[in-house]
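Residue numbers begin at 1 in each chain, while the letters A, B, ... track the order of the sequences. The figures that follow rest on heavy atoms only: side chains count, while hydrogens, waters and symmetry mates do not.
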Amino acid sequence: MSLPMPDADSFARRLLAWFDVHGRHDLPWQHPRTAYRVWLSEVMLQQTQVAAVIPYFERFLGRFPDLRSLAAAPGEEVMRYWAGLGYYARARNLHAAARAVVERHGGEFPSDYAAVLALPGIGRSTAGAILAQAHGQRHAILDGNVKRVLARWAGIAGWPGETAVAEQLWACSERLLPATRLADYTQALMDLGASLCSARKPRCGDCPLAADCRAHLEGRTAELPGAKPKAKKKARPQREAWLIVASDAQGRWLLEQRPGAGIWGGLWCPPVVDLAEDWAAALYQRHGLRLAAVQTDTPIDHAFSHYDLRLHPLRGRLAEPAAAEALRESVPHAWHQPAELSAGVVALPAPIARYAERQAAPTDLLGQTALASVRRPRRRAAPKTPSPAS
DNA sequence: AATACGGGGGC
DNA sequence: GCCCCAGTATT
């Protein structure tokens, strides 16, 4: 640190003056700015953009208006209101934390930093953001937007994923904290990163910090913050599986609840069986069921961050009525109409919900679903459907 | 220190 | 297609 840190007080003053005029003052979690609402917004906003969060936030809050109602709700229902947002561990942690707050703090969201940090799903940045915004406490944050703003303004090079770089950024974030207006300051920093100080084309001409921003002064906004080092061209693995859509006499689908950890943890989904396996044997082993009149559908392609999944839907009727005693209970299961699924009766992975909606909806002459809300999945060229014969 | 975890949106 | 996005937990 050879260069002196420019005046921190001036940094906050300029940022707040900009925020008063150009910042966001109308976000749903700002009115009222209670700890519960801020907490919920911060968790939803982890790795998820504001525009995607807002409708989920409103819906969630409509069903769980306060912390106690969330703690009292069954986990199943919490997952339903989260389905489609992704990163489902966030919802499980949120629910567990609500129950922990009831147990440890009598239902009142704690205002002590260590107590907040101890709750599941809340890390260093989220704890600071909640307490700063809900109570005006003086804590630093460091989310993706703030990393960008500070790396540029202070000229901190290197990829923020590296510990040493992250520590510099945290130190910078703490050093710049003002003495007052912490709630607005925190929001202002995030707003600046989300608007003017964007990743691609920052609008430095309008930025209140440009006068002493090192990246701007040195023409390095494109290089800061540093990018993640190029991974060794590891082609994303492609996985394929059967999606067994078994219908009973009423047209209801068999659903399994997926294990808590891993992909789509805790969500409901028709049985998924690896393409290399014998799907009929797997279905019988798991549920004691056999299918007749099996037909395939266009594959469903879904991209995860670390692999691509292609699901081959296999639709069939139960070969005989499902005798209650024949249904194995080893795997949690349920029966639902496709129309119920698209109506959000259970928590489904987003691509499965779209598939159910297509199956339930009337189709027009082009064979496309008539519902405008349905988005067609991204599709690789000419997907091949293997033979379901086994 | 590295990896897992989802889905939407920009370009 | 590819990359990014208001991170945390786990290994």
> Do the ring planes of A:Phe304 and A:His302 sit parallel (below 30°), tilted (30 to 60°) or perpendicular (above 60°)?
Replying inline: perpendicular
> Crowded around A:Glu223 CD? As in, over 12 foreign heavy atoms under 6.0 Å?
Replying inline: yes
>> Rounding to an integer number of angstrom, what distance separates B:dT3 and C:dA6 when you compare their P atoms?
In response: 23 Å
> Under a 4.0 Å heavy-atom cut-off, which of residues 83-98 of chain A touch DNA chain B?
Replying inline: A:Gly84, A:Leu85, A:Gly86, A:Tyr87, A:Tyr88
> In the strands shown, is B:dG6 matched to any nucleotide by a Watson-Crick or G-U wobble pair with both distances under 3.5 Å, and which?
Replying inline: none
>> Checking contacts here: which listed nucleotide (C:dA6, B:dG7, C:dG7) is nearest the side-chain heavy atoms of A:Ser125?
In response: C:dG7
> Which nucleotide in the list C:dA6, C:dC4, B:dG6 gets nearest to the side chain of A:Trp264?
Replying inline: B:dG6
> Between A:Met44 (CE) and C:dC5 (C1'), how many Å, whole number?
Replying inline: 16 Å
> If each of A:Arg200 and A:Val50 is mapped to the nucleotide of DNA chain C with the nearest heavy atom, which maps nearer the 5' terminus, i.e. the 5' end?
Replying inline: A:Arg200
>> Can you measure A:Gln46 atom CD to B:dC5 atom C1' for me and round it to whole angstrom units?
In response: 12 Å
>> Rounded to whole Å, please give me the gap between CG in A:Asp308 and P in C:dC3.
In response: 13 Å
>> Can you classify the ring geometry of A:Phe57 versus A:Trp29 as parallel (below 30°), tilted (30 to 60°) or perpendicular (above 60°)?
In response: perpendicular
>> Could you check whether any side-chain heavy atom of A:Leu341 comes within less than 4.5 Å of a side-chain heavy atom of A:Leu255, counting everything from C-beta outward?
In response: yes
> Between C:dG7 and A:Gln47, is there an OP1 or OP2 to side-chain N/O distance shorter than 4.0 Å?
Replying inline: yes
>> Measuring to OP1 and OP2 of C:dT8, would you say a side-chain N or O of A:Thr126 lies under 4.0 angstrom away?
In response: yes
>> Between A:Arg92 and A:Glu76, does any side-chain N to carboxylate O distance fall below 4.0 Å?
In response: no
> Among all residues two or more places apart in sequence or in another chain, which pass the ring pair (Phe, Tyr, Trp, His ring centres under 6.0 Å) test with A:Trp170?
Replying inline: none
> Quick one: A:Leu40 CG to C:dA6 P, roughly how many Å, whole number?
Replying inline: 18 Å
>> Please pick, from B:dG7, C:dA6, C:dT8, the nucleotide with the shortest atom-to-atom distance to any side-chain atom of A:Arg148.
In response: C:dA6
> How long is the line joining OH of A:Tyr185 and P of C:dA6, in whole Å?
Replying inline: 16 Å
> Counting any heavy atom closer than 4.0 Å, what does A:Gln187 reach on the DNA or RNA strands: base, sugar-phosphate only, or nothing?
Replying inline: base
> What is the distance from CZ of A:Phe304 to P of B:dG7, rounded to the nearest Å?
Replying inline: 6 Å
>> Mind checking if A:Ala52 touches a base, just sugar-phosphate, or nothing, with heavy atoms under 4.0 Å?
In response: nothing
>> Counting the benzene-type ring for Trp, do A:Phe64 and A:Phe60 have ring centres under 6.0 Å apart?
In response: yes
> A:Asp191 has an atom CG; how far is it from atom C1' of C:dA6, in whole Å?
Replying inline: 10 Å
>> Using a 4.0 Å heavy-atom cut-off, does A:Ile122 contact any base of the nucleic acid, only the sugar-phosphate backbone, or nothing at all?
In response: sugar-phosphate
> Should the pair A:Trp39 and A:Phe109 be assigned to parallel (<30°), tilted (30 to 60°) or perpendicular (>60°) ring geometry?
Replying inline: tilted
> Separation of A:Ile141 atom CD1 from C:dC5 atom P, in whole Å?
Replying inline: 15 Å
> NA contact type, A:Leu27, heavy-atom cut-off 4.0 Å: base, sugar-phosphate, or nothing?
Replying inline: base
> Given the P atoms of C:dT11 and B:dG6, what is the spacing between them in whole Å?
Replying inline: 15 Å
>> Heavy-atom nearest nucleotide on DNA chain B for A:Ile263 versus A:Glu162: which residue maps closer to 5'?
In response: A:Glu162
>> For a quick check of understanding: with a heavy-atom distance under 4.0 Å over all strands, which category does A:Gly262 fall into, base, sugar-phosphate or nothing?
In response: sugar-phosphate
